[in-house]
Asker: 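There's a structure below that I have some questions on.
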Amino acid sequence: MENMGDRATLLETGRFVRRHEEGAESAAGTAGPEDTADAEARHRRAADAGDTASMSVLGALLLRRGDLDAAEPYLRAATAEGERAAANNLGVLLYQRGYVDEASGWWRIAAVAGSAPAAHALGRHYRELGDEPAAEYWLRQSAEQGHALGAYALADLLEHRSDVGAERWLRAAAEQGHREAAYRLARALERRARETARTGADVVYSSGTGPPTSGRIRLRPQPVRPMDTGTGFSTGTTFGTGTGTGFSTGTGFGAGTGFSTGTGFGAGTGTGFPTGTGGRAAGGGATAAGAATGSALIAEAAQWYRQAAARGHRRAALYLGAILEKRGDLKEAGRWYLSSAKDGESRAACALGFLLRDAGDEESAAVWWLRAAQEGDGNAANALGALHAARGEQQTAERWYRAAMDAGDVNGAYNLGLLCTAQDRTAQAEQWYRRAAYAGHREAANALAVLLLQADDPTGAEPWFSKAAEAGSVDAAFNLGILYAGRDDDATALVWYERAAAAGHTEAALQVGIACLRDGDDRSAERYLRCAAGGGSAEAAFRLATVLDSRQPPPGPPALGEPRTAKSECEQWYERAAEQGHRRAQVRVGMLAAARGDNGDAARWYREAAEAGSRNGAFNLGLLLAREGGEREAALWWTRAAQAGHGRAALRLALLAARRGELTEGQRWCARAVELGPAEVAERAARLREALHQELTA
């Protein structure tokens with residue numbers, strides 16, 4: 001078919017310009033039926049009359065229509081006259097008929113004559129054969145001539161080899177309107193943004209997610225014990241549906257030594273994507289410059305996603321929606337999710353469901369979750385399970401969790417474990433937790449360990465805590481700290497507390513802060529206590545306030561007419577802890593208010609503390625009431641304080657009884673005060689008791 005004479009003619013003449021190539025390939029798609037028919041008739045007359053260009057165009061029209069038998073003679077005739085576009089299209093025709101070798105021969109002739117589409121086709125052919133050097137050569141020829149398909153195919157080849165030049169050609173193709181290139185360029189920019197945010201430097205990776213992040217946490221081995229108010233084992237924060245959407249078992253921290261397993265189910269707040277776009281982008285060590293660069297990359301990625309999505313790319317619409325949701329542009333995010341979901345993207349339907357749920361429209365959310373779940377989306381099935389569990393529809397919830405598990409989502413097994421735990425079906429919960437834990441679910445491993453501890457099996461629990469913690473479970477690291485502290489292995493306990501604190505665990509930060517206070521390291525203690533207090537720990541807020549308070553000089557007497565000063569930082573932390581119900585903080589805030597002369601505010605805080613069981617609050621409230629003439633009510637609060645073990649309150653009651661002439665009652669309270677102390681109170685109470693005894697025996 002190919003001979004040297006034909007090839008020489010093409011090399012010499014090669015006169016078919018780009019507009020003919022593009023026109024031949026797109027003529028049938030850009031005109032209406034009548035225009036196409038007229039054009040075909042016109043070109044047929046010209047071709048039959050010997051016009052080479054019309055032969056080429058007519059052959060392309062017939063090829064586009066699928067009439068290969070009619071197209072071939074015209075394309076061969078035009079090719080014989082030196083039409084490189086006809087040679088390229090003849091190659092396409094022969095390829096469709098299965099004559100691959102002959103097709104590649106004509107593509108080579110057209111490509112050597114300067115046809116970018118032929119170079120692209122030839123490059124693709126060589127890649128299919130596994131000849132990557134030849135494929136790269138011809139694809140590069142096509143790309144450098146500005147051919148969008150060639151640029152995209154070259155980028156795909158380079159990306160497969162992890163060549164950093166891939167992004168350049170993706171950009172070239174995207175700038176010419178190539179939809180898939182725009183999408184993949186956006187994905188590459190997002191990967192770079194995550195890596196930049198993590199390292200603080202702009203690093204280019206052409207494929208994959210870049211090198212794995214690693215690094216050891218520096219830990220300071222110092223002894224620590226569980227906090228004074230007691231610490232419960234924690235089963236986790238947010239997990240349950242992939243990388244972004246999840247269900248929480250809750251975290252229990254309170255008085256006592258019980259293990260908090262949690263029973264609540266709540267749908268998550270994000271959308272999980274296989275490549276992790278919904279995950280956290282930056283680590284704590286990212287520099288400001290890196291964060292700024294990362295933001296710029298995300299902004300550019302959003303532009304390319306938008307271009308691809310506008311051309312109907314459903315995954316681009318999904319990821320664009322995710323970026324917009326993260327920015328807070330929920331309305332526009334919802335539009336793109338909707339567009340993607342209507343095109344059949346189940347993840348977009350799931351994400352749209354979460355947006356609707358967060359907006360308060362659970363019914364519409366359930367519709368989209370149902371649609372996604374029926375298409376095999378495990379996240380959506382888990383979300384439906386959580387929705388029905390929250391409504392008390394346990395059987396329906398279990399059915400959807402099983403559907404999630406059947407869809408290959410291990411979170412379904414974990415959520416089944418949570419459901420069984422909420423129903424006190426401990427044996428079944430353990431089975432589901434084990435299934436999820438063996439599949440690598442770190443929070444299931446943590447929950448399984450908590451169950452084993454509740455069953456008095458610390459030996460069986462420890463390995464699961466360790467596996468979960470090493471896999472990144474913050475709560476498991478914290479729980480290991482409690483486990484080792486219970487064994488008096490304070491150094492190892494602190495290692496795990498510090499690891500959990502470094503990942504943002506509030507109660508772990510409190511434990512480390514307490515350890516630093518015991519060691520006299522106030523500066524380190526302040527840093528950890530601030531983290532814990534900022535995370536909502538009332539105990540940390542109170543201890544932080546005491547650290548700051550200890551650094552303040554004692555207040556001098558106010559000068560006459562001195563304006564009231566603003567509250568100090570330590571007073572603000574005392575108030576934050578008091579507002580969260582911390583009794584000692586409430587007493588301290590009451591004392592500060594009394595020192596300012598604000599007896600109303602002081603009485604309010606004392607009363608809150610006293611009603612919550614604070615004996616100091618009850619005693620101070622009694623003092624305040626007694627000064628204002630409310631001696632009868634004061635006696636009631638002193639009685640409550642004395643019965644709770646407050647020696648000064650017992651002495652006050654003894655004095656009150658003596659003043660009233662109730663000598664026997666006074667002796668009784670004196671004896672109680674001597675018993676309770678402290679030393680100076682016991683001494684005064686003993687003297688008063690002796691005086692009352694003498695009065696009674698006189």
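Scope of the values below: all heavy atoms of this structure, side chains included, with no hydrogens, waters or symmetry mates. Numbers here simply count residues along the sequence, with the first being 1.
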Asker: Could you give me the CA-CA distance, side-chain angles and deciding distance for R648 and E680, then say whether salt bridge (Lys or Arg N to Asp or Glu O under 4.0 Å) is met?
Answerer: CA-CA 10 Å; R648 293 183 189 279; E680 67 272 15; 2.8 Å; yes
Asker: Testing the 3.5 Å rule here: is there a donor-acceptor pair between the side chains of E462 and Y484?
Answerer: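 Distance-only check passes for E462 and Y484.
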Asker: May I ask you to say whether E470 pairs ionically with R499, meaning some side-chain N is under 4.0 Å from a carboxylate O?
Answerer: yes
Asker: Should E375 and R347 count as an ion pair when the cut-off is N to O under 4.0 Å?
Answerer: no
Asker: Do M405 and W432 have side chains that get closer than 4.5 Å, going by heavy atoms?
Answerer: yes
Asker: Give the minimum heavy-atom separation between A436 and A444, together with the two atoms involved.
Answerer: CB-CB, 3.5 Å
Asker: Please report the closest heavy-atom contact between A501 and Y528, naming both atoms and the distance.
Answerer: CB-CE2, 4.1 Å
Asker: Can you measure from CZ (F478) to CH2 (W496) and round to the nearest 0.5 angstrom?
Answerer: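 It comes to 14.0 Å.
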Asker: If you round to the nearest 0.5 Å, how far is CG of L544 from CZ of R527?
Answerer: 13.0 Å
Asker: Is there a donor-acceptor contact under 3.5 Å from the side chain of S473 to the main chain of A469?
Answerer: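 Side chain of S473 to backbone of A469: no pair is present.
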Asker: Is the closest side-chain donor-acceptor distance between D549 and T546 under 3.5 Å?
Answerer: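 D549 vs T546: no donor-acceptor pair found between side chains.
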Asker: Write down the atom of A577, the atom of F542, and the distance for their closest heavy-atom approach.
Answerer: CB-N, 3.8 Å
Asker: Would you mind reporting whether C531 and T506 have side-chain heavy atoms less than 4.5 Å apart?
Answerer: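 They are not in contact (no side-chain heavy atoms under 4.5 Å apart), so the answer is no.
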Asker: Out of curiosity, D522 CG to R551 CZ, how far, rounded to the nearest 0.5 Å?
Answerer: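 Interatomic distance, D522 CG to R551 CZ, rounded to 0.5 Å: 6.0 Å.
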Asker: Under 4.5 Å between any side-chain heavy atoms of T426 and L451, yes or no?
Answerer: yes
Asker: Does any non-hydrogen side-chain atom of R588 lie less than 4.5 Å from one of W605?
Answerer: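 Of all side-chain heavy-atom pairs linking R588 with W605, none is under 4.5 Å.
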Asker: Atom CG of L416 and atom CZ of R435: how far apart are they, to the nearest 0.5 Å?
Answerer: 9.0 Å
Asker: Pair R672, E675 - check salt bridge (Lys or Arg N to Asp or Glu O under 4.0 Å), show working.
Answerer: CA-CA 5 Å; R672 180 66 171 159; E675 178 188 345; 3.4 Å; yes
Asker: Go through the steps for I514 and L510 under the test side-chain contact (heavy atoms from CB on, under 4.5 Å), then give the verdict.
Answerer: CA-CA 6 Å; I514 292 172; L510 172 60; 4.0 Å; yes
Asker: Which class fits the ring pair F619 and W638: parallel under 30°, tilted 30 to 60°, perpendicular over 60°?
Answerer: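 Ring orientation of F619 relative to W638: tilted.
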Asker: Run the numbers on R191 and E195 for salt bridge (Lys or Arg N to Asp or Glu O under 4.0 Å), then give the verdict.
Answerer: CA-CA 6 Å; R191 289 193 294 270; E195 187 64 16; over 6 Å; no
Asker: Between R583 (side chain) and A612 (backbone), is there a donor-acceptor pair under 3.5 Å?
Answerer: yes
Asker: Would you say the side-chain atoms of D519 pair up with the backbone N or O of D521, donor to acceptor, closer than 3.5 Å?
Answerer: no
Asker: Side chains of L387 and E362, heavy atoms from C-beta outward: is any pair under 4.5 Å?
Answerer: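 In short, these two side chains touch, coming nearer than 4.5 Å.
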Asker: Between A193 and G294, what is the shortest heavy-atom contact and its length?
Answerer: CB-O, 3.6 Å
Asker: To the nearest 0.5 Å, what is the distance between CZ (R607) and OG (S614)?
Answerer: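 The CZ atom of R607 sits 13.5 Å away from the OG atom of S614.
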Asker: Looking at V547, is its backbone amide N or carbonyl O close enough to the side chain of E526 to form a donor-acceptor pair, meaning the two atoms are under 3.5 Å apart?
Answerer: no
Asker: Does the side chain of W464 come within less than 4.5 Å of L452's, by heavy atoms?
Answerer: yes
Asker: G417 and A429: which non-hydrogen atoms are nearest, and at how many Å?
Answerer: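 So the minimum-distance heavy-atom pair works out to O-CB, 3.5 Å.
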Asker: Which distance, rounded to the nearest 0.5 Å, do you find between the CG of L651 and the CG of L676?
Answerer: 11.0 Å
Asker: Any ion pair linking E190 and R187 (charged N to carboxylate O, less than 4.0 Å)?
Answerer: yes
Asker: Could you give me the CA-CA distance, side-chain angles and deciding distance for W368 and Y337, then say whether ring pair (Phe, Tyr, Trp, His ring centres under 6.0 Å) is met?
Answerer: CA-CA 11 Å; W368 287 105; Y337 283 149; over 10 Å; no
Asker: Indicate whether the side chain of Y497 and that of E507 have a donor and an acceptor atom separated by less than 3.5 Å.
Answerer: no
Asker: Taking the side chain as C-beta and beyond, is there a heavy-atom pair between R442 and K467 under 4.5 Å?
Answerer: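 No. Closest side-chain heavy atoms not under 4.5 Å.
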Asker: Would you mind reporting whether T421 and Y433 have side-chain heavy atoms less than 4.5 Å apart?
Answerer: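 Of all side-chain heavy-atom pairs linking T421 with Y433, at least one is under 4.5 Å.
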Asker: List the atom of N382, the atom of G412, and the distance in Å for their closest heavy-atom pair.
Answerer: OD1-CA, 3.6 Å
Asker: Between Q586 and Y574, does a side-chain hydrogen bond (donor to acceptor under 3.5 Å, both in side chains) hold up when you go through it step by step?
Answerer: CA-CA 7 Å; Q586 289 170 342; Y574 278 134; over 6 Å; no
Asker: Does a donor on one side chain and an acceptor on the other come within less than 3.5 Å for D409 and N411?
Answerer: yes
Asker: With a 4.0 Å cut-off, would you call R391 and E363 a salt bridge?
Answerer: yes
Asker: Going through the distances and angles, do R640 and R615 end up as a side-chain contact (heavy atoms from CB on, under 4.5 Å)?
Answerer: CA-CA 7 Å; R640 181 182 290 193; R615 62 190 185 186; over 6 Å; no
Asker: Give a yes-or-no answer on whether the side chains of W573 and E569 include a donor-acceptor pair shorter than 3.5 Å.
Answerer: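 Yes - a donor-acceptor pair under 3.5 Å links their side chains.
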